[in-house]
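Treat the numbers as computed from the prediction; the structure is a model and nothing was measured. All chains are named by letter (A, B, ...) in the order of the sequence lines, taking the proteins before the strands, and each is independently numbered beginning at 1.
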Number of protein chains: 2
Amino acid sequence: MVQQEADPRTRVIAAADELFYRRGIQATGMDEVRAAAGVSLKRLYAEFPGKEQLVLAVLAARHEMWEQGIAGAAAHAHDARGRLLAIYDFLETWFGDDSFRGCGFINAFGELGASSPAVADAAREHKASFQHYVQGLATEAGGDAELAAQLALLAEGAQTTAAIAGIVEPALHARRAAEVLIRVATGR
Amino acid sequence: MVQQEADPRTRVIAAADELFYRRGIQATGMDEVRAAAGVSLKRLYAEFPGKEQLVLAVLAARHEMWEQGIAGAAAHAHDARGRLLAIYDFLETWFGDDSFRGCGFINAFGELGASSPAVADAAREHKASFQHYVQGLATEAGGDAELAAQLALLAEGAQTTAAIAGIVEPALHARRAAEVLIRVATGR
DNA sequence: TTGCGCCGAGAACGATCGTTCTCTAGCGTA
DNA sequence: TACGCTAGAGAACGATCGTTCTCGGCGCAA
């Protein structure tokens, strides 16, 4: 069910990512991943010594995709404020995707954060990295760390709200709230 | 491990709530719930015909606790704006609790939303109810539905950020952002 | 061609879990 | 006392899952 030309490791990660995200990690068996990736169980375990390592690899890949998505949306903006607001435009298109089911890190944290410290750390690092990204842009736009934290809060809230309600509007509300907060924090 | 004087049904819900929330729903076995509630397996299944019904009962109880917490925090405020800001004060004390592990509905949705429509609906209804509550206060404070959605977004984002990062500050950032949004939306 | 090593297919294993069944002790009533 | 009902303790069952093991075939070197 995944492009057969890629190397096995990439195929496994792509298949696992899709299944883990769509149906949940614990609800997805290693044998389903094997079947979807078109790979033998022996190779799967040769590549990833256990399910937890596969989960961590999937989260790492998802983190890369997130960073590329954010960076791609920011590419067309011409100042820091535009790059900040591009975050919410990116969220809007993401929320509109049929496969959208919330933030994979939040989902993984809720499912495994209590039993797998490594997964909890991966979620923490992903969110910290996003915070850091926003903070750099907020500073460049003339705001401070508090503004950055607030803009990140809006993005987080939009993701969970859009996932549970199944709508894209939270991205728009978050974007307009961000505009107000940026304007006030940077003194227009 | 729960107060033994309450009736069995209440004891089961309290024990299940604690275990489900702390360790995850799928990671908690019915036998652990039985042991923690000090109840026989037969009685457990007489009270709840299956695990899903128990989960739904736990979510219903958690929804009641949430509403009481929000209402309790709002009780000391003397206007709608104060009651809106009381939400974030409530969040701050909640985040400071050692047992805090994020919003139970978001966690349950991430874990079971894909496989249990009933659980997904429970999460949706809980969030919709909160939206409705915020909207009533926002209207009373002179704002509109968009302000309400934005204030709710801040609360949602604060919950997930505080849970993953393990800090209480998101409540403070959300509160100050809410103050700005309310001031701007209501024309000071 | 013959032997060898690698790899895929899938059976097998052990653990866990949701759910049901069995057995027995206790209790109220005739 | 004898009987029948209830409920608790926990064994049992069937399914699932992560992980490992076995077997058989294919390619490659001599």
request  = Using only heavy-atom distances, determine whether the side chains of A:Thr161 and B:Glu156 contain a donor-acceptor pair under 3.5 Å.
outcome  = no

request  = Without swapping roles, check the side chain of B:Arg124 against the backbone of A:Ile164 for a donor-acceptor pair under 3.5 Å.
outcome  = yes

task = Take A:Trp66 and A:Phe105 through the ring pair (Phe, Tyr, Trp, His ring centres under 6.0 Å) test and state the conclusion after the steps.
result = CA-CA 11 Å; A:Trp66 164 267; A:Phe105 291 86; 8.4 Å; no

task = Would you mind reading off the distance between A:Arg34 atom CZ and C:dA11 atom P, rounded to a whole angstrom?
result = 11 Å

Members of residues 49-57 of chain A that approach DNA chain D, where some heavy atom sits under 4.0 Å away = A:Gly50, A:Lys51

task = Output all residues satisfying salt bridge (Lys or Arg N to Asp or Glu O under 4.0 Å) with A:Asp79, sequence neighbours left out; order by chain, then residue number.
result = none

Mind listing the N/O atom pairs, protein and nucleotides 23-27 of chain C, below 3.5 Å?
none

task = Round to a whole Å and report the spacing from CD of A:Glu47 to P of D:dG18.
result = 18 Å

message = Tell me the interatomic distance from A:Met30, atom CE, to C:dG10, atom P, rounded to whole angstroms.
response = 18 Å

message = Using whole Å, what does the distance between atom P of nucleotide D:dC17 and atom CG of A:Leu112 come to?
response = 15 Å

message = The side chain of B:Tyr45 is closest to which nucleotide in this list: C:dA9, C:dT19, C:dA11?
response = C:dT19

message = How many whole angstroms separate atom CG of A:Asp31 from atom C1' of C:dA12?
response = 13 Å

ask   = Is it the case that A:Gln159 and B:Thr160 place a side-chain donor and acceptor less than 3.5 Å from each other?
value = no

remark   = B:Glu32 atom CD is separated from C:dC17 atom P, nearest whole Å, by 6 Å

key: salt bridge (Lys or Arg N to Asp or Glu O under 4.0 Å) partners for A:Glu146, two or more places apart   = B:Arg176

inquiry  = Within the 4.5 Å heavy-atom criterion, are B:Ile182 and B:Leu151 side-chain neighbours or not?
reply    = yes

key: B:Arg183 with B:Glu179: basic N within carboxylate O range, under 4.0 Å   = no

request  = Would you indicate, yes or no, if C:dC7 has its OP1 or OP2 atom less than 4.0 angstrom from a side-chain nitrogen or oxygen of A:Arg43?
outcome  = no

key: Minimum side-chain heavy-atom gap B:Leu154-B:Leu181 below 4.5 Å   = yes

ask   = Does anything in residues 100-112 of chain A pair up under side chain to side chain donor-acceptor pair (under 3.5 Å), and if so which pairs, sequence neighbours excluded?
value = none

inquiry  = Can you pull out the residues from residues 18-27 of chain B that lie within a 4.0 Å heavy-atom distance of DNA chain D?
reply    = none

request  = Using a strict 4.0 Å threshold on nitrogen-to-oxygen distance, state whether A:Glu92 and A:Arg175 make a salt bridge.
outcome  = no

